[in-house]
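This report refers to the structure that appears directly beneath it.
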Amino acid sequence: MYIKPLCLLLYIGSCLANVDDTSVLPEGFVDATQRSTHTNNWAVLVDASRFWFNYRHVANVLSIYRSVKRLGIPDSQIILMIADDMACNPRNPRPGQVYNNANQHLNVYGDDVEVDYRGYEVTVENFVRLLTGRTQNGTARSKKLLSDAGSNVLIYLTGHGGDGFLKFQDSEEITSQELADGIQQMWEKKRYNELFFMVDTCQAASLYEKFTSPNVLAVASSLVGEDSLSHHVDPSIGVYMIDRYTFYALEFLEKVQPFSKRTIGDFLQVCPKRVCISTVGVRKDLYRRDPNKVLITDFFGAIRPTRVSTDRINVTLANEDDFIVSTAVSKKPSFRIIIEPQFPTKFFQLRKLRSM
């Protein structure tokens, strides 16, 4: 027996109408709000401070940059803003290198770092223009946040702040109201699906107090009235290497792999007060999902299943019969769903054999 598409829809509708109210729906339908609906990932990473004694802030942002890039977000979807180039600072005893710990086992300013806004380009105006998509004419594509309604956006800020503001270049400030207005414009212009706001500065929680936009999850390294402290100093350089909150956040992220089941809920607990000294602030009343069911890679990674095919695929439908669904038990359906593995190793093995 064959059922035409319209008949099939009517049939399904009549079946649903007769379903007993006590029936239990599949978990996938009940828990639909806990599944990610995003299609791409973007990261905006900002170090807003200058001067050599703020070395740790550059190390903070470069360390987060390394983590999101390792987990799959490409440079084309990362906007990196660094107010002072510590790698080329004349006081740096290791030119071209930046480290985030005194052991100096990892140079976070490697050959593959792409800085989009450098030095005096890191201003409040440029940052707000970036978020809202109001960049000036002639701005390079690599300096634009080209996110859309399907984008999960990570915003990370580090520097010196106070109650309701974050300093830029030690000469201007962005206020919590300006941040809230910028994110509201992003929402109204459909520039994000979900947004994770992460800030490491003194009195950091004050920066998310004015937020009203939907689907925003925020975490701050300190509450209002608290300082956010640095972690440790390197005597050979004479400055602090990294801030406490970012240090423990990185310790967590370094253990995360692209297919990890670790969640945002786990991440929100990485720095208890006994190690952070300050109290980590979290705001989740604007967020529609349970952070304990949201994968950390929904914001810090960007791995998507890819199907590799060498065959020609006809994506057009010849006629209406292509829509026909067979309900006969003895007959197999004329289509099948193919779920490809994340890395198609068989395909590459086949290519290797052919080349031999």
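Sequence positions, counted from 1, serve as the residue numbers for this chain.
Among pairs with a residue in residues 42-63, those fulfilling side chain to side chain donor-acceptor pair (under 3.5 Å) read N40-W42, D47-S49, S49-H57, R50-Q169, N54-H160, R56-D243, N60-T158, N60-D243, S63-N100, at least two apart in sequence or across chains. Within the structure, the ring pair (Phe, Tyr, Trp, His ring centres under 6.0 Å) test picks out the following pairs touching residues 214-235 (sequence neighbours left out): H231-F247, H231-Y248. Under the ring pair (Phe, Tyr, Trp, His ring centres under 6.0 Å) criterion, the residue pairs touching residues 264-296 are F252-F267, F267-F300, with sequence neighbours excluded. The stretch residues 211-220 participates, sequence neighbours left out, in these side chain to side chain donor-acceptor pair (under 3.5 Å) pairs: Q184-S213.
By the side chain to side chain donor-acceptor pair (under 3.5 Å) test, E173 pairs with no residue at all, sequence neighbours left out. In this structure D170 satisfies the salt bridge (Lys or Arg N to Asp or Glu O under 4.0 Å) test together with K167, sequence neighbours excluded. D75 is linked by a side chain to side chain donor-acceptor pair (under 3.5 Å) to Y65, K69, counting only residues two or more places apart in sequence or in another chain. Scanning for side chain to side chain donor-acceptor pair (under 3.5 Å) contacts around Q97 gives Y99, with sequence neighbours left out. Here R191 pairs with nothing under the side chain to side chain donor-acceptor pair (under 3.5 Å) rule; sequence neighbours left out. When the salt bridge (Lys or Arg N to Asp or Glu O under 4.0 Å) test is applied to E254, the partners found at least two apart in sequence or on another chain are R66.
Donor-acceptor pairing under 3.5 Å is lacking for the side chains of D181 and Q185. With 3.5 Å as the limit, one finds a donor-acceptor pair spanning the side chains of N152 and N193.
Using a cut-off of 4.0 Å between Lys/Arg side-chain N and Asp/Glu carboxylate O, K255 and D266 are scored as not salt-bridged.
Using a 4.5 Å cut-off between side-chain heavy atoms of Ile, Leu, Val, Met, Phe, Trp and Tyr, V233 falls into a hydrophobic cluster with Y240. Counting side-chain heavy-atom gaps under 4.5 Å among Ile, Leu, Val, Met, Phe, Trp and Tyr, the cluster of F53 also holds F51.
Side chain of S142 to backbone of D116: no donor-acceptor contact under 3.5 angstrom is found.
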